[in-house]
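Scroll down for the structure; my scribbles are underneath it.
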Amino acid sequence: PPHLRSNDAFGNGSLDFHVLVLSYRQPCNDRSLSHVEYIFDASTTWTTGRNLLFTIAMKRNTTYLYYIFMDDDATVFDLRTNAVAWRAFEGFLQAMEPAVMALDLPGAQDYSERVLQIHKDRGCFMEELEYVTSLWYDAMVNAFHYKAVRHLLPYVSTFDQQTWWASQMTLIVKTEILFRGQLLLHRYIRCKGSTNRPYPRDLNFTPNMYSVFTEGLDSHIGVGCVSSCAKIMIDQWMKLGNGNGWASSTLCLPPPPPHDPIEPCRFQCYLV
């Protein structure tokens with residue numbers, strides 16, 4: 001997309017990143033940017049498209065610090081100045097190295113400000129930093145540290161026919177179980193989208209929520225916290241906060257320090 005070809009986005013090939021672009025309507029034959037690789041697959045959903053990119057990235061000989069997944073209409077900006085903020089986003093990742101970082105959308109999905117309000121309501125962690133530890137995160141722009149990405153991806157596509165939102169729901173739960181307290185949201189570096197295309201999002205889809213939340217954790221059964229904590233945590237989520245996790249004690253945790261060790265299941269099982 002034109003807005004991502006500018007030098008303050010991904011047009012500058014002298015910077016230390018590579019870009020994979022997946023198209024599903026027609027192939028892209030543009031070869032003007034040597035650091036950009038184009039892939040075409042007309043059969044993908046949002047979920048399976050990201051999984052295809054994940055598979056290709058994992059086969060590369062280069063080990064990147066972060067694997068950043070984003071929608072094609074995403075713009076990253078600084079909420080204070082409205083300036084494009086891709087380099088600020090990358091700089092924050094390098095300075096802090098969280099297991100996962102996601103970008104908030106302004107408005108209804110302003111998760112970072114909601115976390116701050118929870119801090120005030122509960123009287124817990126009160127230092128106002130530029131970033132917060134969260135549990136929920138929107139899927140538009142997500143960055144996964146190389147030590148975390150293989151534990152969290154691929155996405156679960158089981159429920160794609162009913163709703164594409166379920167793949168992010170399962171990812172949120174995997175992140176919370178495996179890397180509790182190591183998901184960061186920045187209060188000022190945000191993202192926004194320009195397009196709202198139709199896709200499956202059945203609001204009446206009501207599967208067994210335990211199945212939704214635990215789908216994709218099978219490969220981790222027997223790894224520390226997963227087998228012992230998954231059902232306890234999910235049961236508590238369903239009883240408190242209507243299954244949305246906003247009652248979780250994770251939201252009162254202070255953010256991890258810079259370059260905190262990234263290991264799955266570092267934290268003990270807990271009750272919200």
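Excluded from the calculations below are hydrogen atoms, water molecules and symmetry mates; all remaining heavy atoms, backbone and side chain alike, are included.
With respect to Q182, the side chain to side chain contact (heavy atoms under 4.5 Å, CB included) criterion is satisfied by exactly one of T133, V100, D260, T175: D260. None of W165, F69, Y24, Y155 except one satisfies the ring-ring contact (aromatic ring centres under 6.0 Å, His included) rule with W46; the exception is Y155.
Counting heavy atoms from C-beta on, the side chains of I68 and N142 never come closer than 4.5 Å. Side-chain contact between V132 and E113 is absent, with no heavy atoms from C-beta onward closer than 4.5 Å. Looking only at side-chain heavy atoms (C-beta outward), M101 and Y66 stay at 4.5 Å or farther from each other. Counting heavy atoms from C-beta on, the side chains of L65 and Q94 come closer than 4.5 Å. Side-chain contact check for P255 versus L184: some heavy-atom pair is nearer than 4.5 Å.
Nearest approach of R180 to E176, heavy atoms of both residues: CB-O, 3.2 Å. When all heavy atoms of P256 and M96 are compared, the pair lying nearest together is O-CE, 3.6 Å. Contact record, A95 with H259: O-NE2, 3.3 Å, taken as the closest heavy-atom pair. Of all non-hydrogen atoms in T250 and G181, the two that sit nearest each other are CG2-N, 4.1 Å. Residues I118 and L251 come closest through the heavy atom pair CD1-CD1, 3.5 Å. Here the closest heavy-atom approach between residue F179 and residue K147 is recorded as CZ-O, 4.4 Å.
Side-chain heavy atoms closer than 4.5 Å link hydrophobic residues (I, L, V, M, F, W, Y) into clusters, and following such links, even through other members, never connects Y137 to L79. I56 is not connected to F40 by any chain of hydrophobic side-chain contacts under 4.5 Å among Ile, Leu, Val, Met, Phe, Trp and Tyr, and they are in different clusters. Hydrophobic clustering (ILVMFWY, side-chain heavy atoms < 4.5 Å, transitive): L93 and Y188 are in distinct clusters.
With sequence neighbours left out, the side-chain contact (heavy atoms from CB on, under 4.5 Å) criterion links D121 to Q117. Applying the ring-ring contact (aromatic ring centres under 6.0 Å, His included) test to F77 and every residue at least two apart in sequence or in another chain returns nothing.
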Can you list the steps and then say if R50 with D71 is a salt bridge (Lys or Arg N to Asp or Glu O under 4.0 Å)?
-> CA-CA 9 Å; R50 286 203 177 188; D71 294 347; 2.9 Å; yes

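Looking at Y64 and H18, their side chains do bring a donor and an acceptor atom within 3.5 Å of each other. Between the side chains of T47 and S157, no donor-acceptor pair is found at a separation under 3.5 Å.
Here the CG-CZ distance, from D78 to R190, works out to 10.0 Å after rounding to the nearest 0.5 Å.
Salt-bridge check for D110 with R187: failed, with every basic side-chain N at 4.0 Å or more from each acidic carboxylate O.
Taking the six-membered ring for Trp, F10 and F17 have ring centres closer than 6.0 Å.
Sequence neighbours left out, the pairs with a member in residues 54-70 that pass salt bridge (charged side-chain N to carboxylate O under 4.0 Å, His left out) are E37-R60.
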